[in-house]
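First comes the structure, then the notes that go with it.
Both counts, for ligands and for their atoms, begin at 1 and track the order of listing.
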Amino acid sequence: MIFKASVTKDGVHPAVWFALGVAEALYSLMQKQLVVTSLKDSHGHRPASLHNQGRAADIRTKNLPLSQVEAVYSRLKAILDPMGFDVVLEHDPPHLHLEYDPKNGENWLKLEVA
Ligand SMILES: [Zn+2]
C-alpha cells in the first residue's frame, strides 16, 4: 500500500484502515499496487463528505484493466457492505471510494458466532 503525497493520514477512523487492509489483500492477489489517493484530505470543498471526518478513502483504479476494476469493486462491496461500509465506483475521475457509514446496527467489529 502506498499513498499519494497529498494524503493526510492523521485522524483516520480505524474502520477505514481495516477496509484498506481488505483492499490491499485483493490488489495483492491481482499482483497490483494499492495506491490510496485520498483519506482526510482534498475534500474541504465538500463539507458533508465523510473524508473530512476521517471515515472515507479513495483508491486508484487507473493501474488496473477494467475487468479487474469491476472484479475488485464487486469483491470489496460483498465483503465490506455488511460491515457498515459503502463502496462506490466513481467515474469522474475514475476511482474506488469507500466510506464507513453504518446503518441498522451494521458494525465492522460485530462478528457472528459460527
Ligand atoms: Zn472519496
>> Would you compute the distance between atom NE2 of H97 and atom CD of E90 and round it to the nearest 0.5 angstrom?
In response: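 Atom-to-atom, H97:NE2 and E90:CD are 6.5 Å apart.
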
> So how many protein N, O or S atoms does the Zn ion (ligand 1) have within less than 2.8 Å?
Replying inline: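 Step by step: take the Zn ion (ligand 1), keep protein N, O, S below 2.8 Å, and you get 3.
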
> Quick one: are F85 and L76 in side-chain contact, heavy atoms under 4.5 Å?
Replying inline: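 No, every pair of side-chain atoms sits at 4.5 Å or beyond.
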
>> Between H51 and L39 (side chain of the first, backbone of the second, donor and acceptor by atom type, cut-off under 3.5 Å), is there such a pair?
In response: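 Answer holds: yes.
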
> Is the backbone of P102 close enough, under 3.5 Å, to the side chain of N107 for a donor and an acceptor to pair up by distance?
Replying inline: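 It does not hold such a pair.
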
>> A quick test of your reading: do over 12 heavy atoms of other residues, nucleotides or ligands sit less than 6.0 Å from NZ of K62?
In response: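 No, because the 6.0 Å sphere around NZ of K62 holds 12 heavy atoms or fewer from other groups.
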
>> Using the side-chain contact (heavy atoms from CB on, under 4.5 Å) definition, which of the options L80, D86, D58 pairs with E99?
In response: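 It is D86, the one option of L80, D86, D58 that forms the side-chain contact (heavy atoms from CB on, under 4.5 Å) with E99.
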
